[in-house]
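Reading through the structure tokens given below for one structure.
One is the number of the first residue; the rest follow in order along the sequence. Start at 1 and go down the list; that is how both ligands and their atoms are numbered. All figures in this text were calculated on a predicted structure; none of them were measured in a lab.
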Amino acid sequence: MKNKLIAANWKMNLDSEASDQLFKKCAELAKSISTTLVICPPATYLQTGNKRLSGSGAFLGAQNVNQNLAGAFTGELSAGMLKDCGCKYVIVGHSERRAQFNEDDQIIAEKVKIAIDNNLIPILCIGESETQRQLGLTNSFLTYQIDSALALVSKNQIKKLVIAYEPVWAIGTNRSASITQIEQTMSTIVNHLTDKYQQGLVDTAIHVLYGGSVTDKNCEEILSLEMVDGCLVGGASLDFNKFKKICRANVKPLATAQ
Ligand code: PGA
């Protein structure tokens, strides 16, 4: 049985004082719930996050990783550096990076591989555009994105993996996917993963999250869906009261910690 996992993507927001305060509150929250929390701050706050979250049960995640081990890549951060800062997770393939930083399928596959090779758990983001949904291409596009992103890692390399289904049109728009859309799409993703890997792995080690305008208002309904193992939260993760409600929504009293 998997605990629900809520990942906060702070994106390029907050300053050192505000992020410090938010880390402290998230650390307190993590101690009081069975939900697994993963906080992904801007890279400059990772080290503070590592100190503040230590011992709380919450995990630290990075928002990006370079696909190379080391070298002349000005401005980039390696998987080893993220591990040094205490990261356990890393977001890969977020639609903002795909669209604004030209990350293509090959780069994303390399990032997934370097993360796994360095014992970082990828939070692999996938999601269709509005046009793809209108054209009925959602399912085929998502299964394609999963296959291409995981093309460089063998089945037995996958010990833990997070897949975040984030429809591009729902990110930061206040227009979350409907419960029916989430249910249908999640089942495509879970069925595809079960065909690709063993049922046991999907049941225990792969979390499939929903992301895209998750708020304190819609979280209960979304997290009540059996196939939704948690959420990736952007905007609402910056407001602690909203984030707390999301983390506490639909929490089953489970003892298993990740
Ligand atoms: P949002 O962002 O919750 O603000 O829609 C989600 C994300 O980008 O991961």
Side-chain angles (χ1 to χ4, degrees), residues 4-14 18-19 22 26 29 35-43 45-46 49 58-65 87-103 108 111-112 115 120-130 132-133 138 142 145-146 149 161-179 181-182 185-186 189 207-223 225 228-250:
K4 295 268 188 202
L5 187 156
I6 306 289
N9 178 6
W10 291 357
K11 306 192 182 182
M12 198 174 73
N13 291 298
L14 306 177
S19 57
L22 199 47
C26 290
L29 174 65
T35 305
T36 302
L37 293 197
V38 181
I39 311 296
C40 305
Y45 307 138
L46 284 172
F59 295 105
L60 192 63
Q63 296 178 16
N64 185 28
V65 62
C87 289
K88 176 152 183 186
Y89 292 82
V90 60
I91 298 174
V92 176
H94 192 282
S95 75
E96 286 153 16
R97 294 214 59 90
R98 292 182 194 254
Q100 297 172 45
F101 301 94
N102 302 320
E103 291 192 5
I108 288 162
K111 288 187 176 205
V112 168
L120 286 164
I121 303 170
I123 301 176
L124 169 66
C125 300
I126 58 170
E128 82 287 1
S129 66
E130 187 142 44
Q132 285 169 322
R133 179 161 280 276
T138 301
L142 295 177
Q145 280 191 315
I146 292 173
L161 175 68
V162 181
I163 295 193
Y165 165 55
E166 300 203 299
V168 175
W169 46 271
I171 296 177
T173 56
N174 257 327
R175 221 181 106 219
S176 146
S178 72
I179 290 298
Q181 286 170 328
I182 297 175
T185 315
M186 283 291 178
I189 295 169
H207 277 82
V208 186
L209 314 183
Y210 169 78
S213 296
V214 175
T215 66
D216 52 327
K217 304 282 184 297
N218 60 17
C219 58
E220 280 288 345
E221 209 180 3
I222 294 172
L223 286 163
L225 297 175
V228 175
D229 297 322
C231 290
L232 178 54
V233 188
S237 72
L238 300 169
D239 178 326
F240 183 68
N241 287 328
K242 289 184 184 167
F243 188 59
K244 184 170 66 182
K245 282 194 192 147
I246 297 169
C247 294
R248 289 197 169 143
N250 250 290

Any protein N/O atoms within less than 3.5 Å of an N/O atom in ligand 1? List the atom names and distances, or say none.
{"from": "ligand 1", "atom 1": "2 (O)", "to": "Lys11", "atom 2": "NZ", "distance (Å)": "3.4"}
{"from": "ligand 1", "atom 1": "3 (O)", "to": "Gly234", "atom 2": "N", "distance (Å)": "2.8"}
{"from": "ligand 1", "atom 1": "4 (O)", "to": "Gly235", "atom 2": "N", "distance (Å)": "2.9"}
{"from": "ligand 1", "atom 1": "5 (O)", "to": "Gly172", "atom 2": "N", "distance (Å)": "2.7"}
{"from": "ligand 1", "atom 1": "5 (O)", "to": "Ser213", "atom 2": "N", "distance (Å)": "2.8"}
{"from": "ligand 1", "atom 1": "8 (O)", "to": "Lys11", "atom 2": "NZ", "distance (Å)": "2.7"}
{"from": "ligand 1", "atom 1": "8 (O)", "to": "His94", "atom 2": "NE2", "distance (Å)": "2.6"}
{"from": "ligand 1", "atom 1": "9 (O)", "to": "His94", "atom 2": "NE2", "distance (Å)": "3.3"}
{"from": "ligand 1", "atom 1": "9 (O)", "to": "Glu166", "atom 2": "OE1", "distance (Å)": "3.2"}
{"from": "ligand 1", "atom 1": "9 (O)", "to": "Glu166", "atom 2": "OE2", "distance (Å)": "2.6"}

Backbone N/O of Gln63 and side chain of Arg97: donor-acceptor pair under 3.5 Å: no
Nearest non-hydrogen partners of Cys26 and Leu37, listed with the distance: O-CD1, 3.9 Å
Heavy atoms of other groups near Gln132 CD, more than 12 under 6.0 Å: yes
Partner residues of Ile171 under the side-chain contact (heavy atoms from CB on, under 4.5 Å) criterion, sequence neighbours left out: Lys11, His94, Ser95, Glu96, Glu166
Residue list, ring-ring contact (aromatic ring centres under 6.0 Å, His included) with Trp169, at least two apart or on another chain: none
side-chain contact (heavy atoms from CB on, under 4.5 Å) against Asn102, all qualifying residues, sequence neighbours excluded: none
